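This is a predicted model, so every value here is computed, not measured.
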Amino acid sequence: METKEIRKEKCVIVGSGPAGYTAAIYAARANMNPVLYTGREPGGQLMITTDVENFPGYPDGVMGPQMMEDLQKQAARFDTEINVGIMIEKVDFSSRPHKLWTDGGQEIHADSVIIATGASARWLGIESEKKYMNRGVSACAVCDGFFYRGKEVAIVGAGDSACEEASYLSKLCPKVHMFVRRDEMRASKIMQERVLNNDKIQVYWNTEIEEILGDEQGVTGVQIVNNKSKETQKLDLWGVFVAIGHVPNTKIFADFLDMDDTGYLITKAGSTKTNIEGVFASGDAQDKDYRQAVTAAGTGCMAALDAERYLAAEGLI
């Protein structure tokens with residue numbers, strides 16, 4: 001097999017989406033000659049998001065894929081090298097320069113690395129969920145709840161995030177049906193009380209969605225089952241929000257970077273610095289609290305500035 005020449009770069013950005021592309025824009029303008037690898041899902045979660053109405057600068061809203069295309073063009077305008085569809089599948093941060101390998105076997109030596117690999121929503125795994133994705137099925141109430149004002153919706157989950165999203169939806173919707181798989185919630189006591197004391201939220205214990213119902217327009221209801229009594233029930237509603245957690249796409253960094261018990265990368269307070277000098281983490285790979293496009297973009301900016309200062313201090317730019 002032919003050996004590929006090792007690439008030597010000042011700044012490698014792993015992942016795309018708002019964090020990766022924003023990091024690229026700032027890094028390119030700072031003459032860091034960034035090289036970005038989008039991974040197999042260029043644009044990340046926003047590629048499966050329809051209307052984005054809460055990102056500044058789009059007064060009429062924007063489709064998620066269009067927004068990602070705009071960000072990609074802006075990064076390319078400043079001569080970022082964007083490698084679409086190529087994934088970084090292995091890293092070695094034990095020495096400097098940092099080493100990375102693509103899924104095609106290309107070895108890269110980088111003076112700085114910005115991680116923007118994001119996180120993926122956990123889904124129920126039923127066929128009808130895929131069928132009505134973005135047509136009534138969503139994993140982000142803050143992103144999409146506005147479209148269901150005045151309509152009944154459902155939320156699936158039992159943790160703090162599910163309770164927060166149920167409370168948020170109750171401010172927009174006349175009724176929120178909350179399906180909890182067990183006979184208790186995982187959420188903190190204060191969050192549970194907030195949900196259980198809210199007249200607009202109806203909690204269904206030991207309940208799972210068997211099927212999401214709909215037509216050409218989108219979701220029209222759900223069929224649920226009590227996993228103890230085996231009784232089934234159909235409910236008419238307009239939207240289903242899945243809030244059973246996210247999985248950060250950080251597995252390849254596990255041997256080198258500090259992360260919490262759920263896999264989110266840990267950064268030093270007030271920065272994007274990881275425990276390895278010259279490696280910076282941005283976006284949903286290190287943010288389990290906000291998970292918004294605008295906050296991801298903000299940390300992408302921070303990561304590029306942190307990387308620029310690091311490279312300057314090391315005499316590498």
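The side-chain heavy atoms of Y132 and V240, taken from C-beta on, include no pair separated by under 4.5 Å. The shortest side-chain heavy-atom distance between M259 and P248 does not fall under the 4.5 Å cut-off. Residues F179 and I209 are in side-chain contact: their nearest non-hydrogen atoms beyond the backbone lie under 4.5 Å apart. At least one side-chain heavy atom of D103 sits under 4.5 Å from a side-chain heavy atom of I86. Between M178 and F241 there is no side-chain heavy-atom pair separated by less than 4.5 Å. In this structure the side chain of I115 reaches within 4.5 angstrom of the side chain of V279, judged on heavy atoms. For the pair K8 and P97, the minimum side-chain heavy-atom distance is 4.5 Å or more. A heavy-atom distance below 4.5 Å is found between the side chains of Q72 and V84.
Without hydrogens or angle criteria, S167 side chain to E165 main chain gives no donor-acceptor distance under 3.5 Å. With N227 contributing its side chain and E208 its backbone, the two residues share no donor-acceptor pair below 3.5 Å. Within the 3.5 Å criterion, the main-chain N or O of E164 finds no donor-acceptor partner in the side chain of R194. Between the side chain of D160 and the main chain of S188, a donor-acceptor pair closer than 3.5 Å is present. Put simply, the side chain of D258 never gets that close to the backbone of I266: no donor and acceptor are under 3.5 Å apart. Side chain of D144 to backbone of S138: no donor-acceptor contact under 3.5 angstrom is found. Between the side chain of E129 and the backbone N or O of G125, at least one donor-acceptor pair lies under 3.5 Å.
The same ILVMFWY cluster, assembled from side-chain heavy atoms under 4.5 Å apart, contains both F256 and L265. Hydrophobic clustering, with ILVMFWY side chains joined whenever heavy atoms are under 4.5 angstrom apart, groups Y37 together with V113. One hydrophobic cluster, built from ILVMFWY side chains closer than 4.5 Å, cannot hold both I155 and M191; they sit in different ones. If you chain together hydrophobic residues whose side chains sit under 4.5 Å apart, V156 and I212 fall into the same group. No path of Ile, Leu, Val, Met, Phe, Trp and Tyr side chains, each step under 4.5 Å between heavy atoms, connects L237 with V225, placing them in separate hydrophobic clusters.
I252 CD1 to F93 CZ: the interatomic distance, rounded to the nearest 0.5 Å, is 7.0 Å. Note that CZ of R7 is 6.5 Å distant from CD of Q106, once rounded to the nearest 0.5 Å. Taking OG1 of T250 as the reference point, atom OH of Y264 lies at 9.0 Å (rounded to 0.5 Å). To the nearest 0.5 angstrom, E314 atom CD is 5.0 Å from R96 atom CZ. Interatomic distance, CD of E107 versus OG1 of T102, reported as 10.0 Å (0.5 Å rounding). To the nearest 0.5 Å, atoms CZ (F146) and OH (Y168) are separated by 8.5 Å.
The shortest non-hydrogen separation linking A139 to H246 is O-CE1, 4.2 Å. The minimum heavy-atom distance between S170 and N198, with the atom names listed, is OG-ND2, 3.0 Å. What you find for K10 and N31 is that their closest heavy atoms are NZ-O, 3.5 Å. The two residues N206 and D183 come nearest to each other via the heavy atoms OD1-N, 3.2 Å. When all heavy atoms of A75 and Y21 are compared, the pair lying nearest together is CB-O, 4.1 Å. Taking each heavy atom of W238 and Y148 in turn, the nearest pair found is O-CE2, 3.4 Å.
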Next on the checklist: The test is side chain to side chain donor-acceptor pair (under 3.5 Å); show your working for E210 and Q223 and say whether it passes.
Outcome noted: CA-CA 6 Å; E210 273 193 332; Q223 178 167 306; 2.7 Å; yes
Next on the checklist: Could you walk me through whether W101 and D92 satisfy the side chain to side chain contact (heavy atoms under 4.5 Å, CB included) test, starting with their C-alpha distance in whole Å, then the side-chain angles of each, then the deciding distance to 0.1 Å, before giving a yes or no?
Outcome noted: CA-CA 9 Å; W101 287 265; D92 182 354; 3.8 Å; yes
Checklist entry - Going through the checks in order, is the side chain to side chain contact (heavy atoms under 4.5 Å, CB included) test met by T299 and D287? => result CA-CA 9 Å; T299 56; D287 172 22; over 6 Å; no
Item to check | Test log, rule side chain to side chain contact (heavy atoms under 4.5 Å, CB included), inputs I108 and E9 | outcome: CA-CA 7 Å; I108 308 152; E9 306 295 344; 4.0 Å; yes
Item to check | Pair R122-V247, side chain to side chain contact (heavy atoms under 4.5 Å, CB included): steps then yes or no | outcome: CA-CA 7 Å; R122 285 194 178 100; V247 182; 3.6 Å; yes
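The one candidate from V35, I88, T38 that meets the side-chain contact (heavy atoms from CB on, under 4.5 Å) condition with V14 is I88. Residue V176 is tested with V195, V203, I201 for a side-chain contact (heavy atoms from CB on, under 4.5 Å); the sole match is I201.
When the shell of 6.0 Å around CG of N197 is examined, it contains more than 12 heavy atoms from other residues, nucleotides or ligands. Atom NZ of K99 is surrounded by more than 12 heavy atoms from other residues, nucleotides or ligands within 6.0 Å. Remark: K273 NZ is loosely packed, at most 12 non-hydrogen atoms of other residues, nucleotides or ligands lying under 6.0 Å away.
Ring planes of Y204 and H177: tilted class, angle from 30 to 60°.
For the 3.5 Å distance criterion, the side chains of D306 and T272 qualify, holding a donor opposite an acceptor. Side-chain polar atoms of D70 and Q74 form no donor-acceptor pair below 3.5 angstrom.
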